[in-house]
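First the proteins, then the strands, lettered A, B, ... as listed; each starts at 1.
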2 protein chains.
Amino acid sequence: MPDSGPMPPAGRMLQRAAKQRTAQSPATIYDIAALAGVNASTVSRALTKPGRVSAKTQKKIEDAAAQLNYQANPFARALPTGKTNTVGLIVSDITNPAYFDVIRGAEGAASARDYTLLLAESAESAQTELLAAKRIMTTVDGIILASPRLADEQIRELAKKKPVVVINRMVEEVGCVVADVQPGVTEAVRHLATLGHESLAYVAGPDRSWMSGHRWDSIRGRCEWSGLRVRKFGPGTPTVDGGREMAAAIRESGATGIICYNDLMAIGLMQELQSAGVRIPAEFSIVGFDNIFGSDFTTPPLSTVKSPLRETGATALTLILAELAASIEPGRADDSALRAEAAKLATELVIRGSSGQHSPAAL
Amino acid sequence: MPDSGPMPPAGRMLQRAAKQRTAQSPATIYDIAALAGVNASTVSRALTKPGRVSAKTQKKIEDAAAQLNYQANPFARALPTGKTNTVGLIVSDITNPAYFDVIRGAEGAASARDYTLLLAESAESAQTELLAAKRIMTTVDGIILASPRLADEQIRELAKKKPVVVINRMVEEVGCVVADVQPGVTEAVRHLATLGHESLAYVAGPDRSWMSGHRWDSIRGRCEWSGLRVRKFGPGTPTVDGGREMAAAIRESGATGIICYNDLMAIGLMQELQSAGVRIPAEFSIVGFDNIFGSDFTTPPLSTVKSPLRETGATALTLILAELAASIEPGRADDSALRAEAAKLATELVIRGSSGQHSPAAL
DNA sequence: TTGTACGCGTTATCAA
DNA sequence: TTGATAACGCGTACAA
């Protein structure tokens, strides 16, 4: 160590300069600083909060940055800040087309705000879900859990570390995005009643699915209100095959207006019934949930309670970002706007061919 | 500066200790070092390449790490290394269900190797695709481009900076994953010929789609070989509506064995034809491509040339990782195994109800 | 085998 | 308003 002057920065910049010649490593704020004739810290200021620097140097720096095709290194930025501009999304089953739109909505909302989406799947297992969550946790600013299989307590535990928003489930003390099932269910029950169905049935999903129970509660309540009989079948697997397996029980039940936990089950049920010679909708009316891609491909096309899947994904991401902002700048508790936005997420009946006038007479 | 001893490390550790009391910030290698009574660098060595440290201290460190619930900070790790353990996947259109399985395959392969998947959409625009690519580029070890809209040259440009693998398209000098269309097309053409169709038609996708042209080339070649007449229609939009729009032209064309660029178009075409009173498959046989989710929901269910979508996604990710490994350790050019794996990706005809004996007589 | 010291690119805290 | 400098957590030559 021959010298004791301001060595580190000088040495650093010399090294940068040398490096610049050899490889084509991306430009750093030091390169910009050199080009603009200012200090690196000034560059940092100018590029992050464009108010703490004079207009003149601001422009010089911006020009230099543009010329050098500068792109901030997210990792270097994340280190002192802790902010990664990345949100994780964990879905329980990528196979399920209902999530496609959720993913799409979240991705759109994210990239619109210069955020990036990290995707992971839990394969319907609480254990791998927790694993994925922990792995991702270190990398993201917040996590969206779509129909999580985790226990409430585990979710709250995660939420202590980073903002967590849950989709399609209510968990105390955690941000939740759940579309209002009431309007869609109300319409559906009324629709079936109008069609002449006096005995309804609900084909439930898995017991562990919060949403399945929620939908059942809503349907039952509505039927009581309307004086209709309704029975619950299941639990069943929330897939096409799961719907198929319920066909026999439904057929013998005497119920003629069937609402299924989701479109997948509805499609399976309908297919199985049809292949047994049952006429839809003459003998049974079938209504699904979600309005997934392909639910109108069937013959007859499926009537369904449409869920605002894409909006749900987008709203979840917005909520995460809001929680993030709140944790930094705790003054503003204007959840109101967000709550309002989330409240707009309502279901709605889409009437297609699988529900119609009940006319078993025409045997 | 009262002292000139080994200040920095000591000061750092003191601060850590103080911090440890207050907030619940995640444990670092310094915490482990303190607990195990060794230096932080030893911890780093023990945790990265478990061979450069004595068995005894190794255990001590691992115990301490476990006790502290240690989780390496990916950002801090990425900074000196440049490695992020993250792969980006850009799809041209999340709406298209064909990508669902690709995403799924890639995600599965990634998380199996402790990699994380970054998802982005280009919304069918070359410009936003480039933007997304550049934004993501800084964050990932490599990028997978599914049916990119970018020009070949732009893709090569990207590939100069980080490993790039392209799905469903051939680009010189860039890793590509394209399922072999030959077997599926051969089966399909033979199938239609056997059914009595003498005049075939191909409903093309967008002109910009490399895959659409590729499929057409293969079909045409196969038809020539078989002495069948075949005409190309389009270009069209690769959606259900795009398929619908081709119905009139197809109906007047005289062709009766129709192969569509993808299932979406096939479904639209079939629906439109049926709603005009045309009987499928008696009058027209329709075959799609890909075997997407829901292609068996239609009545009749769609015959289709199945693509190994999921395997394609998984293979693409594997390829990226291989290129990554090769760029680090250039000695091993054992692409052979990979090429072999990629070569196994073949299409295959799935015969369902939309194709059948040609019997226009039964008017 | 282990410890020392530095750099990765950025932000944040001070002085100036 | 700007500059100098210390973190952020980890990997790694180099020295011991």
Side-chain angles (χ1 to χ4, degrees), chain A residues 1 5-16 18-19 25-34 36-58 60-61 65 68 70-85 138-139, chain B residues 1 5-16 18-19 23 25-33 36-58 60-61 65 68 70-85 138-139:
Chain A
M1 293 189 184
M7 228 291 281
R12 178 179 245 161
M13 301 213 22
L14 281 176
Q15 192 194 332
R16 284 290 317 170
K19 194 186 207 171
S25 62
T28 74
I29 53 172
Y30 283 91
D31 301 322
I32 299 179
V38 296
N39 188 278
S41 64
T42 307
V43 175
S44 175
R45 274 188 295 255
L47 263 31
T48 47
K49 293 172 197 165
R52 311 225 16 98
V53 88
S54 81
K56 205 174 120 192
T57 47
Q58 176 80 32
K60 268 200 302 188
I61 289 172
L68 260 40
Y70 171 75
Q71 193 106 14
N73 181 327
F75 298 96
R77 177 169 285 174
L79 207 40
T81 307
K83 271 213 54 180
T84 69
N85 265 44
T138 57
T139 311
Chain B
M1 293 191 186
M7 228 291 280
R12 177 178 246 161
M13 299 207 28
L14 281 177
Q15 190 194 331
R16 283 290 316 170
K19 194 186 208 172
S25 61
T28 73
I29 52 173
Y30 286 91
D31 300 322
I32 298 179
V38 296
N39 189 278
S41 66
T42 308
V43 176
S44 174
R45 272 188 295 255
L47 263 32
T48 47
K49 293 171 195 165
R52 312 222 15 96
V53 89
S54 82
K56 205 175 118 192
T57 46
Q58 176 79 32
K60 269 200 302 189
I61 289 173
L68 261 40
Y70 172 75
Q71 193 106 16
N73 181 327
F75 297 95
R77 178 170 282 174
L79 207 41
T81 307
K83 272 213 55 182
T84 69
N85 264 44
T138 57
T139 311

Taking atom [atom2] of [N] as reference, at what distance in whole Å does atom [atom1] of [X] sit?
X     : N      : atom1 : atom2 : result
B:I61 : D:dG11 : CD1   : P     : 12 Å
B:F75 : C:dG9  : CZ    : P     : 16 Å
B:R52 : D:dC14 : CZ    : P     : 14 Å
A:K60 : D:dG3  : NZ    : P     : 8 Å
A:K83 : C:dA12 : NZ    : P     : 11 Å
B:D31 : D:dC8  : CG    : C1'   : 13 Å
A:Q58 : D:dT1  : CD    : C1'   : 12 Å
A:Y70 : C:dT10 : OH    : C1'   : 7 Å

[X], nearest nucleotide to its side chain (from [options]):
X     : options               : answer
B:T57 : C:dT2, D:dT12, C:dT10 : C:dT2
A:V38 : D:dG3, D:dC10, C:dG3  : D:dG3
A:N39 : D:dG3, C:dT11, D:dC10 : D:dG3

key: From OG1 (A:T57) to NZ (A:K60), nearest 0.5 Å   =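 Rounded to the nearest 0.5 Å, the OG1-NZ separation comes to 6.5 Å.
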
task = Output the distance between atom CZ (B:R45) and atom CG (B:N39), rounded to the nearest 0.5 Å.
result =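 Taking CZ in B:R45 and CG in B:N39, the distance rounds to 7.5 Å.
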
inquiry  = Within the structure provided, determine whether B:Y70 and B:I29 are in side-chain contact (heavy-atom separation under 4.5 Å).
reply    =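 Yes - at least one pair of side-chain heavy atoms lies under 4.5 Å apart.
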
query = Is the closest side-chain heavy-atom distance between A:I32 and A:I61 below 4.5 Å?
reply =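 Result yes, sub-4.5 Å side-chain heavy-atom pair found.
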
key: Upstream residue (5' side of DNA chain C) when B:S54 and B:L79 are each assigned their closest nucleotide   =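 Between the two, 5'-proximity favours B:S54.
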
key: Least distance between heavy atoms, B:A76 atom then B:P80 atom   =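 What the structure gives for the nearest pair is O-CD, 2.9 Å.
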
task = Quick one: list whatever passes side-chain contact (heavy atoms from CB on, under 4.5 Å) with A:T81, sequence neighbours left out.
result =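 For A:T81 the side-chain contact (heavy atoms from CB on, under 4.5 Å) partners, ignoring immediate neighbours, are A:R77, A:K83.
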
inquiry  = Quick check on D:dG9: is either OP1 or OP2 less than 4.0 Å from any side-chain nitrogen or oxygen of B:R77?
reply    =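 No, B:R77 has no side-chain N/O under 4.0 Å of OP1/OP2 on D:dG9.
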
ask   = So, is B:Y30 close to the D:dA7 phosphate, meaning a side-chain N or O under 4.0 Å from OP1 or OP2?
value =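 No, outside the criterion.
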
ask   = Counting any heavy atom closer than 4.0 Å, what does B:A78 reach on the DNA or RNA strands: base, sugar-phosphate only, or nothing?
value =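 Touches nothing.
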
request  = Give a yes or no answer on whether the side chain of A:Q58 reaches the backbone of A:V53 with a donor-acceptor pair at less than 3.5 Å.
outcome  =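 Not confirmed, A:Q58 side chain does not pair with A:V53 backbone.
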
query = So, the side chain of B:T84 versus the backbone of B:A78: is there a donor-acceptor pair under 3.5 Å, distance only?
reply =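 Here the side-chain-to-backbone pair does not exist.
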
query = By a strict heavy-atom criterion of less than 4.0 Å, which residues belonging to residues 40-47 of chain B are in contact with DNA chain C?
reply =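 DNA chain C contact set from residues 40-47 of chain B: B:S41, B:T42, B:R45.
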
task = Walk me through it: do B:V43 and B:V38 pass the test side-chain contact (heavy atoms from CB on, under 4.5 Å)?
result = CA-CA 7 Å; B:V43 176; B:V38 296; 3.9 Å; yes

key: Divergence of helical axes at both termini of the helix from C:dT1-D:dA16 to C:dA16-D:dT1 - five pairs an end, 10° steps   =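 Comparing the first five pairs with the last five, the axes sit 40° apart.
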
